[in-house]
Amino acid sequence: GVLWVTDPRQGARRVDTGAPGTRDRPVSGRFPVVRGESVLPDRDGHVWIGTPDQGLWMLEPASGDGQAGGLRQILSAEDAGEGVRTTFEDRAGSIWIGTRAGLFRLFRPPVVMVTRADGLAHNEVRALQSTPAGYVWVATRNRLHRFTPSGPTRPADSYAMGDHAILSLAQDSTGTLLVGTSEGVYRVAGGRMLAMPSPQPLGAVQGMVVDREGTIWLCHDGGASASRWRENVLARLPGVEGTAGKQCTGVPHVDAQGRV
């Protein structure tokens with residue numbers, strides 16, 4: 001029942017969605033102000049907060065109270081190239097961090113860094129997504145890289161997106177990788193990048209998530225919407241209220257109760 005929210009202006013906040021009367025608790029007080037760009041609660045109860053200009057921080061909640069835990073810096077702003085774009089936990093419990101300076105993987109405690117010198121097309125990592133087999137997809141500005149479950153040393157595969165900037169990644173109910181770009185949604189199938197046309201223009205797709213029923217929730221220039229991939233068309237679901245006409249710049253999330 002706890003939702004962690006972060007943004008570059010207000011920082012990280014802990015929201016008790018399961019308590020009577022939603023309570024919104026900022027992560028502040030005796031801690032330095034942490035202005036967030038990404039947030040990840042891991043399986044051990046730590047909360048990883050990526051920031052645009054203060055590196056990566058880890059919060060250790062005590063007794064479930066976000067105010068009582070210790071907050072410490074894991075990567076400095078210099079290490080992160082001035083910004084952490086995305087954070088992700090794989091099935092082995094390792095933490096992957098996409099920054100403007102390259103890709104990091106924390107093995108607790110060993111840290112591995114991967115940059116252009118190791119095969120990345122660009123040091124700026126924008127999105128991360130795992131597969132059922134344990135592979136991890138890493139998106140740089142306009143290229144996808146796939147890393148093996150053994151960890152990042154060099155990418156196993158790479159896919160180019162041409163002039164389209166990659167903004168987000170998700171995985172559908174069949175295990176197919178979905179790629180949100182500056183020009184709509186693509187999917188990886190048969191070793192190829194295939195467009196997923198939509199009757200309504202999407203523009204830049206900043207975030208995506210697939211819920212338990214297989215509905216694809218999109219956050220894009222035209223608003224927030226729910227769609228299904230049917231007959232080679234990304235069709236919006238009737239009867240699902242979106243936010244048409246209001247640009248959506250966040251990242252959708254499905255909680256433990258299946259709510260988006």
Side-chain angles (χ1 to χ4, degrees), residues 38 40 43 86-94 96 98 103 125-140 142-152 155-162 164-220 222-242 248 250-260:
S38 69
L40 170 71
R43 67 189 66 181
T86 182
T87 46
F88 175 79
E89 182 181 18
D90 67 19
R91 67 179 188 177
S94 295
W96 298 64
L103 173 69
V125 176
R126 295 184 168 185
L128 300 164
Q129 179 65 47
S130 68
T131 72
Y135 290 91
V136 174
W137 288 97
V138 176
T140 59
N142 60 356
R143 185 176 286 269
L144 276 175
H145 302 282
R146 188 174 68 116
F147 286 85
T148 63
S150 60
D157 309 293
S158 293
Y159 296 85
M161 287 300 302
H164 297 347
I166 300 176
L167 303 174
S168 56
L169 298 175
Q171 184 174 267
D172 71 11
S173 55
T174 68
T176 299
L177 183 72
L178 308 180
V179 184
T181 77
S182 54
E183 299 294 337
V185 183
Y186 286 73
R187 60 192 176 98
V188 178
R192 300 169 58 198
M193 298 292 298
L194 304 175
M196 299 177 70
S198 171
Q200 299 84 13
L202 298 175
V205 179
Q206 301 286 352
M208 297 185 292
V209 70
V210 180
D211 68 17
R212 296 173 180 176
E213 285 70 45
T215 301
I216 304 168
W217 294 83
L218 303 172
C219 187
H220 52 87
S225 59
S227 302
R228 287 282 180 88
W229 179 241
R230 293 173 174 166
E231 298 179 354
N232 295 322
V233 173
L234 193 60
R236 292 192 184 182
L237 291 183
V240 178
E241 184 178 355
C248 180
V251 179
H253 171 73
V254 179
D255 68 13
Q257 287 74 45
R259 298 172 297 186
V260 179

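Everything quoted here is computed from the prediction, not taken from an experiment.
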| task | Name all residues meeting the ring-ring contact (aromatic ring centres under 6.0 Å, His included) criterion together with His145; count only those two or more places apart in sequence or in a different chain, and write none if there are none. | result | none
| Which residues satisfy the ring-ring contact (aromatic ring centres under 6.0 Å, His included) test with Trp229, sequence neighbours excluded? | none
| With Leu178, the side chain to side chain contact (heavy atoms under 4.5 Å, CB included) member among Gln129, Arg187, Gln171 | Arg187
Looking at [X] and [Y], what are the two nearest heavy atoms and their distance?
X	Y	value
Pro252	Cys219	CD-CB, 4.0 Å
Gly223	Cys248	O-CB, 3.5 Å
Val205	Leu167	O-CB, 3.4 Å
Pro197	Asn232	CG-O, 3.5 Å
Ser227	Leu218	OG-CD1, 4.2 Å

Quick check against the 3.5 Å criterion: does [X] have a side-chain atom that pairs as donor or acceptor with the backbone of [Y]?
X	Y	answer
Asn142	His164	no
Ser182	Ala165	yes
Thr181	Gly184	yes
Arg43	Arg91	yes

Report yes if some heavy atom in the side chain of [X] is under 4.5 Å from a heavy atom in the side chain of [Y]; otherwise report no.
X	Y	result
Arg228	Glu213	yes
Thr148	Tyr135	yes
Val179	Leu169	yes
Val185	Ile216	no
Met193	Leu177	no
Asp90	Leu128	no
His220	Ser225	yes

| task | Look up atom CE in Met196 and atom CG in Leu234, then write down how far apart they are to the nearest 0.5 Å. | result | 5.0 Å
| said: Measuring from atom CZ of Arg143 to atom CZ of Arg126, what distance do you get when rounded to the nearest 0.5 angstrom? | reply: 14.5 Å
| request: Apply the test ring pair (Phe, Tyr, Trp, His ring centres under 6.0 Å) to residues Trp137 and Phe88: give CA-CA distance (whole Å), side-chain angles for both, the deciding distance (0.1 Å), then the verdict. | output: CA-CA 11 Å; Trp137 288 97; Phe88 175 79; over 10 Å; no
| request: Would you sort out whether Leu103 and Phe147 count as a side chain to side chain contact (heavy atoms under 4.5 Å, CB included), showing the intermediate values? | output: CA-CA 11 Å; Leu103 173 69; Phe147 286 85; 3.9 Å; yes
